[in-house]
K.L.:
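Just passing along the structure, written as structure tokens.
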Protein chains: 2
Amino acid sequence: MTMPAAPKPASPRQNHLLDALPKAELEHLCTDLELVPLPLGKVLYESGEGLSHVYFPTTAIVSLLYVMENGASAEIAVVGNEGIVGIALFMGGETMPNRAVVQSAGQAYRLKGPVLKSEFARFGGRRHSSLQPLLLRYTMALLTQMAQTAVCNRHHTIDQQLCRWLLLSLDRLPSNELEMTQELIANMLGVRREGVTEAAGRLQSAGLIRYSRGHISVLDRPGLEARVCECYEVVRREFQRLLPSRPIA
Amino acid sequence: MTMPAAPKPASPRQNHLLDALPKAELEHLCTDLELVPLPLGKVLYESGEGLSHVYFPTTAIVSLLYVMENGASAEIAVVGNEGIVGIALFMGGETMPNRAVVQSAGQAYRLKGPVLKSEFARFGGRRHSSLQPLLLRYTMALLTQMAQTAVCNRHHTIDQQLCRWLLLSLDRLPSNELEMTQELIANMLGVRREGVTEAAGRLQSAGLIRYSRGHISVLDRPGLEARVCECYEVVRREFQRLLPSRPIA
DNA sequence: GAAGGTTAGTACGCTATGGTACAGAGAGGT
DNA sequence: ACCTCTCTGTACCATAGCGTACTAACCTTC
């Protein structure tokens, strides 16, 4: 069951990582958490650019993209309310050769880099932080998502990849509606826009979705799950296993 | 300059991660490091299987593969003397949905899981361990390699991918010779064996490599670099940036 | 040196996807 | 109501890579 559609007050607990923290620790962070709107298309960081903040999405979805020299792009991973944007900050290295762009508008809590770093390192000191193991497990799940993206890109059809993409997005949204043009989906998947049109047309004919000018209604989620490749389930299971506080679906 | 081909005595310092540790810390680990041979094809861990050890390759190269339900496979990343096999052990989660298989025979130092974990966690205590930040930065580099694999799978031709694969392997070997059948390369790249035959044939006609029954001699490395897609350089630069102790090339 | 296995090369048709061009269908402004 | 812009649908050809079948080199072993 997804939650009721009533406009809920924003709370850090809408992000599963923050929600998984012990009460005291979350409250400790709360003073530094800043709620920010993430409009569609906003670039949180650019390839190779240092990050000033990390973002814990609540209702927004962020795509990690690689943009090639010739301008073509491909989605590497997607981050919603189950995760955090900006792992390079606590993993070290400061930057990544990717771009993080808002794929579905919404909100996120952001935290200044130094605050996160000090909290992350506060491990084994007087007080045991549970943030570090949590973030590391999340990173593992992200790793799996990237690995599976590579596999999917190699072996699966656009139809299957579109199903995977829709399901991954759906899992990170409160409703069955998403605002997304075919053009943008094509950018994410790294395929032609026409390819998405055809694939989406097939899904629509099958009665699984309804598409109209940037708005997708998912009518038959089980139908999508029946068509998707194994990649989706592998990723979903891994997130659930590593971050069991709450199934991401 | 690659090192002279003389058979050197094995040393943990042949692995760049171990080599990057301060002397005292390496010596502390040395009692637990165990040199093991890694024959071609050996499976270090299976998808979803718990790991008892981590491996620091010195002369071996290990591939991380995803094996699909139908048996087809795709390489996710490759680990040589610049890295470590078994990051799930310190990242948490214990397992990964991949298989780690020896792609080029050689040696590695292995370390019992619990030893690594305790050393990894010995951070912020009385003594600051430099192992943790090192391994986390390595994980970031691995992340980039996976991301770039996804991009490469999406956008680049078999020829380009073969070049990338050869260069990545070359960077992890002391010589310009590799033992590798086209069949195996095809498994790694997740393409048909015939596709590799044709791509390799083109490289051979161009005088860049010589291929003969499982043995490849790279004759013209700059030639390969001229044909490879940007993915190779992105990964190489990222490894160099994050693990600057020694360029992996 | 003959036999059998492994590795590599070649050929042919098929399909998914890319490149390109253009037409239709909504939405929004004036 | 009309124009215009954005988004979607369709069509056509080109091509990279797949599936399959077969042949040709080469290596090993008897």
Side-chain angles (χ1 to χ4, degrees), chain A residues 40-41 68 70-75 103-104 150-166 177-206 208-217 227 229, chain B residues 40-41 68 70-75 103-104 150-166 177-206 208-217 227 229:
Chain A
L40 178 64
M68 302 202 311
N70 67 15
S73 60
E75 189 178 77
Q103 173 211 306
S104 177
V151 171
C152 208
N153 283 351
R154 162 64 56 220
H155 288 291
H156 297 134
T157 64
I158 294 188
D159 287 55
Q160 292 174 304
Q161 294 184 50
L162 177 58
C163 288
R164 173 177 63 88
W165 192 90
L166 286 172
E177 316 287 314
L178 31 166
E179 298 301 319
M180 204 62 191
T181 66
Q182 299 183 347
E183 178 84 42
L184 289 180
I185 296 183
N187 286 159
M188 305 288 175
L189 296 183
V191 301
R192 280 184 323 155
R193 195 265 312 158
E194 289 85 341
V196 175
T197 298
E198 290 174 11
R202 285 186 284 267
L203 294 185
Q204 185 151 8
S205 306
L208 307 183
I209 65 173
R210 197 170 31 201
Y211 216 119
S212 100
R213 297 188 65 71
H215 185 94
I216 311 174
S217 307
R227 298 199 169 208
C229 49
Chain B
L40 178 64
M68 302 203 309
N70 67 14
S73 60
E75 189 178 75
Q103 174 213 303
S104 178
V151 171
C152 208
N153 283 352
R154 161 63 57 217
H155 287 292
H156 298 134
T157 64
I158 293 188
D159 287 54
Q160 292 174 304
Q161 295 184 49
L162 177 58
C163 289
R164 174 176 63 87
W165 193 90
L166 287 172
E177 316 286 315
L178 31 169
E179 299 301 319
M180 205 63 192
T181 66
Q182 298 183 349
E183 179 84 42
L184 289 180
I185 297 183
N187 286 159
M188 305 288 175
L189 295 183
V191 300
R192 280 186 322 155
R193 196 265 312 160
E194 290 86 339
V196 175
T197 299
E198 290 174 10
R202 285 185 284 268
L203 294 185
Q204 185 151 5
S205 306
L208 306 184
I209 65 173
R210 197 172 29 203
Y211 218 119
S212 99
R213 297 188 65 71
H215 185 94
I216 311 174
S217 308
R227 297 198 169 208
C229 49

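Owing to the predicted nature of the structure, the values given are computational and were not obtained by experimental measurement. A, B, ... follow the sequence lines: proteins, then strands. Residue 1 opens every chain.
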K.L.:
Evaluate the side chain to side chain contact (heavy atoms under 4.5 Å, CB included) criterion for residues A/Glu179 and A/Gln103: first the C-alpha distance (whole Å), next the side-chain angles of each, then the deciding distance (0.1 Å), finally the verdict.
P.N.:
CA-CA 9 Å; A/Glu179 298 301 319; A/Gln103 173 211 306; over 6 Å; no
K.L.:
On the side chain of A/Arg154, is there an atom forming a donor-acceptor pair with the base of D/dG17 - under 3.5 Å, no angle test?
P.N.:
no
K.L.:
Rounded to whole Å, how long is the line connecting atom CZ of B/Arg210 with atom P of D/dC26?
P.N.:
13 Å
K.L.:
Quick one: on DNA chain D, does B/Gln161 or A/Met180 contact a more 5' nucleotide (nearest heavy atom)?
P.N.:
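Result of the comparison: A/Met180.
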K.L.:
Would you say B/Gln182 places a side-chain N or O within less than 4.0 Å of OP1 or OP2 belonging to C/dG9?
P.N.:
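Result: yes.
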K.L.:
What's A/Thr197 touching, base or sugar-phosphate or nothing? Going by heavy atoms closer than 4.0 Å.
P.N.:
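Base contact - A/Thr197 has a heavy atom under 4.0 Å of at least one base atom.
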K.L.:
Contact class for A/Gly214 (heavy atom, under 4.0 Å): base, sugar-phosphate, or nothing?
P.N.:
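A/Gly214: backbone/sugar contact only, no base atoms under 4.0 Å.
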K.L.:
Any donor-acceptor pair, under 3.5 Å, between the side chain of B/Arg192 and the base of D/dG17, if you only look at N and O atoms?
P.N.:
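No pair found.
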K.L.:
Take A/Arg164 and A/Arg227, measure what side chain to side chain contact (heavy atoms under 4.5 Å, CB included) needs, and give me the verdict at the end.
P.N.:
CA-CA 9 Å; A/Arg164 173 177 63 88; A/Arg227 298 199 169 208; over 6 Å; no
K.L.:
Which is more 5' along DNA chain D, the nucleotide nearest A/Arg213 or the one nearest A/Val196? Just name the residue.
P.N.:
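Closer to the 5' end of DNA chain D: A/Arg213.
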K.L.:
Check the distance between D/dA25's P and B/Tyr211's OH and give it to me in whole angstrom.
P.N.:
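The answer, rounded to whole Å, is 19 Å.
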K.L.:
Check every atom of C/dG9, C/dT7, D/dG9 against the side chain of B/Gln204 and return the nucleotide holding the closest atom.
P.N.:
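Selected nucleotide (nearest to the side chain): C/dG9.
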K.L.:
Roughly how many Å is it from CG in A/Leu189 to P in C/dT17, rounded to a whole number?
P.N.:
11 Å
K.L.:
Please find the pair of heavy atoms, one from A/Val151 and one from B/Ala74, that lie closest to each other, and give the distance.
P.N.:
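For A/Val151 and B/Ala74, the tightest heavy-atom pair comes out as CG2-CB, 4.3 Å.
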K.L.:
Give the rounded distance in Å between these two atoms: CD of B/Glu198 and C1' of D/dT15.
P.N.:
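Those two atoms, CD and C1', are 13 Å apart.
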K.L.:
Can you measure B/Glu179 atom CD to C/dT7 atom P for me and round it to whole angstrom units?
P.N.:
12 Å
K.L.:
Hey, mind stepping through B/Val191 and B/Ile185 against side chain to side chain contact (heavy atoms under 4.5 Å, CB included) and telling me if it holds?
P.N.:
CA-CA 8 Å; B/Val191 300; B/Ile185 297 183; over 6 Å; no
K.L.:
Quick one: pull up CD in A/Gln182 and CG in A/Leu162 and give me the separation to the nearest 0.5 Å.
P.N.:
9.0 Å
K.L.:
Between the base of C/dG9 and the side chain of B/Arg193, is there a donor and acceptor pair under 3.5 angstrom?
P.N.:
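When only heavy-atom distances are counted, B/Arg193 does reach the base of C/dG9 through a donor-acceptor pair under 3.5 Å.
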K.L.:
Ignoring hydrogens and geometry beyond distance, is the side chain of B/Glu194 in donor-acceptor contact with the base of D/dA21 at under 3.5 Å?
P.N.:
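Answer is yes: a donor-acceptor pair is held.
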K.L.:
Rounded to whole Å, how long is the line connecting atom CD of B/Glu183 with atom C1' of D/dC18?
P.N.:
15 Å
K.L.:
Between P on C/dT15 and CG on A/Asp159, what's the gap in Å once rounded to a whole number?
P.N.:
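In whole Å, C/dT15 P lies 15 Å from A/Asp159 CG.
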K.L.:
Rounded to the nearest angstrom, tell me the gap between atom CD1 in A/Ile158 and atom C1' in D/dA16.
P.N.:
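Atom CD1 in A/Ile158 sits about 14 Å away from atom C1' in D/dA16.
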